[in-house]
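Treat the numbers as computed from the prediction; the structure is a model and nothing was measured. Every chain is numbered from 1, with letters handed out A, B, ... down the list of sequences.
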There are 2 protein chains.
Amino acid sequence: MQHSPSVETRPFRELCADHGLTATHQRQVLYEVMQTMPGHPSPEEVYVRVKKRIPAISLATVYKNIHLFVERGVLKEVSMHHGSLRVELNNHPHHHMVCSHCKAITDIREKDLGVLPTLQRLPGGFQVERYAIDVIGICAACQKAERS
Amino acid sequence: MQHSPSVETRPFRELCADHGLTATHQRQVLYEVMQTMPGHPSPEEVYVRVKKRIPAISLATVYKNIHLFVERGVLKEVSMHHGSLRVELNNHPHHHMVCSHCKAITDIREKDLGVLPTLQRLPGGFQVERYAIDVIGICAACQKAERS
DNA sequence: GTAATTGCAAAGGCTTTGCTTGCAA
DNA sequence: TTGCAAGCAAAGCCTTTGCAATTAC
């Protein structure tokens, strides 16, 4: 298939250029489909929708591109995903720092966060149990590793 | 094996009674082991430690009891685990409400959280990218389901 | 005695990997 | 043309489930 870039593909090609990504048809459709999914879709859900436009696409391609988009800042992970369930017994009021590279979790005392959010106007009868704050960034060890 | 409860088992038996749990040997060791693990262990890591004291224990038992402890409030999940990766494209400043029953995620505008945390005194050279607040509780639908 | 729990093994979901063919620059 | 990407299928975690044997109350 060969054709000159249409007007509609311009912005996507620029987005790819800005993020150092090769502009493929699959990536474009993936991105466009995600724009129509305002929630927090799983790779499987995205796959189902993309498949309507590219029946031959594989789930592995969806995973690969989602990871790439997240890595390049086009998408965000809704919460850091640690590969397996993590539990804790710590009862003191605290939150977490999560390294976006190595996924290491470190406790942070609540008072070190400064002012706390005061929950107000919560939509539709949601009954609050607690809130959890993740400070996301790069830990010292990963910063050191990056520099090398 | 039959013996009268020792002095040391008292607190654990009370803890079980308080949370409506049967006091089994496996549960007690699991709980004691977790008290010596201050971080955020995975079920596998807990299993390895418990196995030193109860070689015959199975990983399935560890999983079952961890879930039970979480359900009864003895342990906490470090972050809500959605079963699969979730991503989003939403660029507006926002955070999330997560239902601890059905794991549904709903966006919440940052301004509806009221005052925001001001990050200060972050331990050991952690380079902050962003922070993510999860308001954890029961959504309206699950509240309704519970009542019935 | 009755109900709940354990251990085992098998099954199930989600995600990644290796490799060949095809496409982008 | 040269390397990056896609598709496919197989493998790899992590976690749950079903069931018989055992234990707690």
Side-chain angles (χ1 to χ4, degrees), chain A residues 1-6 9 12-31 40-48 50-51 53-72 77-87 103, chain B residues 1-6 9 12-31 40-48 50-51 53-72 77-87 103:
Chain A
M1 207 193 309
Q2 193 186 179
H3 55 73
S4 54
S6 69
T9 61
F12 177 73
R13 300 186 70 81
E14 281 169 14
L15 179 136
C16 284
D18 290 351
H19 291 87
L21 294 168
T22 308
T24 70
H25 182 220
Q26 286 83 348
R27 268 173 207 167
Q28 177 166 7
V29 173
L30 181 46
Y31 181 74
H40 315 91
S42 65
E44 184 75 35
E45 286 163 352
V46 175
Y47 170 65
V48 168
V50 172
K51 215 174 160 91
R53 288 179 54 187
I54 312 178
I57 201 169
S58 77
L59 184 53
T61 297
V62 172
Y63 270 98
K64 285 170 189 164
N65 284 317
I66 283 178
H67 286 314
L68 212 49
F69 281 159
V70 168
E71 203 174 280
R72 300 299 221 276
E77 283 183 79
V78 168
S79 68
M80 290 293 112
H81 132 275
H82 310 110
S84 70
L85 177 65
R86 296 305 175 94
V87 286
K103 313 289 186 189
Chain B
M1 205 194 310
Q2 193 186 177
H3 55 71
S4 54
S6 71
T9 61
F12 178 72
R13 300 187 71 81
E14 279 169 16
L15 180 137
C16 284
D18 288 353
H19 291 87
L21 293 168
T22 307
T24 71
H25 182 218
Q26 285 84 346
R27 266 173 209 165
Q28 177 166 7
V29 172
L30 180 45
Y31 181 74
H40 315 91
S42 66
E44 185 75 34
E45 287 163 351
V46 175
Y47 170 64
V48 168
V50 171
K51 215 174 160 91
R53 288 180 52 188
I54 312 179
I57 201 168
S58 78
L59 184 54
T61 297
V62 172
Y63 270 98
K64 285 170 190 164
N65 284 318
I66 284 178
H67 286 314
L68 213 48
F69 280 158
V70 168
E71 203 175 282
R72 300 300 222 275
E77 282 184 79
V78 168
S79 69
M80 291 291 113
H81 174 259
H82 310 111
S84 72
L85 177 66
R86 296 307 175 93
V87 286
K103 313 290 187 188

Could you tell me how far apart [X] ([atom1]) and [N] ([atom2]) are, to the nearest whole angstrom?
X      : N       : atom1 : atom2 : value
H25(A) : dG22(C) : NE2   : P     : 18 Å
Y47(A) : dG7(D)  : OH    : C1'   : 10 Å
R27(B) : dT22(D) : CZ    : P     : 19 Å
L21(B) : dA3(C)  : CG    : C1'   : 15 Å
E71(B) : dA4(C)  : CD    : C1'   : 14 Å
F12(A) : dA24(C) : CZ    : P     : 12 Å
I54(A) : dA5(D)  : CD1   : C1'   : 13 Å

Going by side chain to side chain donor-acceptor pair (under 3.5 Å), name the residues that satisfy it together with [X], two or more places apart in sequence or in a different chain.
X      : answer
S79(A) : none
Y47(B) : K51(B)
T22(A) : none
R72(B) : none

request  = Identify, with sequence neighbours excluded, every residue that meets ring-ring contact (aromatic ring centres under 6.0 Å, His included) alongside Y63(B).
outcome  = none
message = Run the ring-ring contact (aromatic ring centres under 6.0 Å, His included) test against Y31(B) and tell me which residues pass, sequence neighbours left out.
response = F12(B)
query = Residues two or more places apart in sequence or in another chain: which of them pass salt bridge (charged side-chain N to carboxylate O under 4.0 Å, His left out) with K103(A)?
reply = E77(A)
Once rounded to the nearest 0.5 Å, what's the spacing between atom [atom1] of [X] and atom [atom2] of [Y]?
X      : Y      : atom1 : atom2 : answer
F69(B) : H19(B) : CZ    : NE2   : 9.5 Å
K64(A) : L30(A) : NZ    : CG    : 13.0 Å
R27(A) : C16(A) : CZ    : SG    : 6.5 Å

Output one line per pair: protein atom, nucleotide atom from nucleotides 8-10 of chain C, and distance, for all N/O pairs under 3.5 Å.
residue, atom, partner, partner atom, Å
dC8(C), OP2, A56(B), O, 3.4

Would you say a side-chain N or O of [X] is under 4.0 Å from OP1 or OP2 of [N]?
X      : N       : answer
T22(A) : dA5(D)  : yes
Q26(A) : dG7(D)  : yes
R13(B) : dC25(D) : yes

query = Got a sec, which residues hit side chain to side chain contact (heavy atoms under 4.5 Å, CB included) with E45(A), two or more places apart in sequence or on another chain?
reply = M37(A), P41(A), S42(A)
note = Judged by nearest nucleotide, the residue sitting upstream toward the 5' end of DNA chain C, L68(B) or T24(A), is L68(B)
task = Mind grabbing the angle between the end helix axes of the helix from dG1(C)-dC25(D) to dA25(C)-dT1(D)? Five pairs an end, 10° rounding.
result = 50°
Return the polar atom pairs (N/O with N/O) between nucleotides 12-15 of chain C and the protein under 3.5 Å, or none.
residue, atom, partner, partner atom, Å
dT15(C), OP1, L85(B), N, 2.7
dT15(C), OP2, Y63(A), OH, 2.0
dT15(C), O5', Y63(A), OH, 3.0

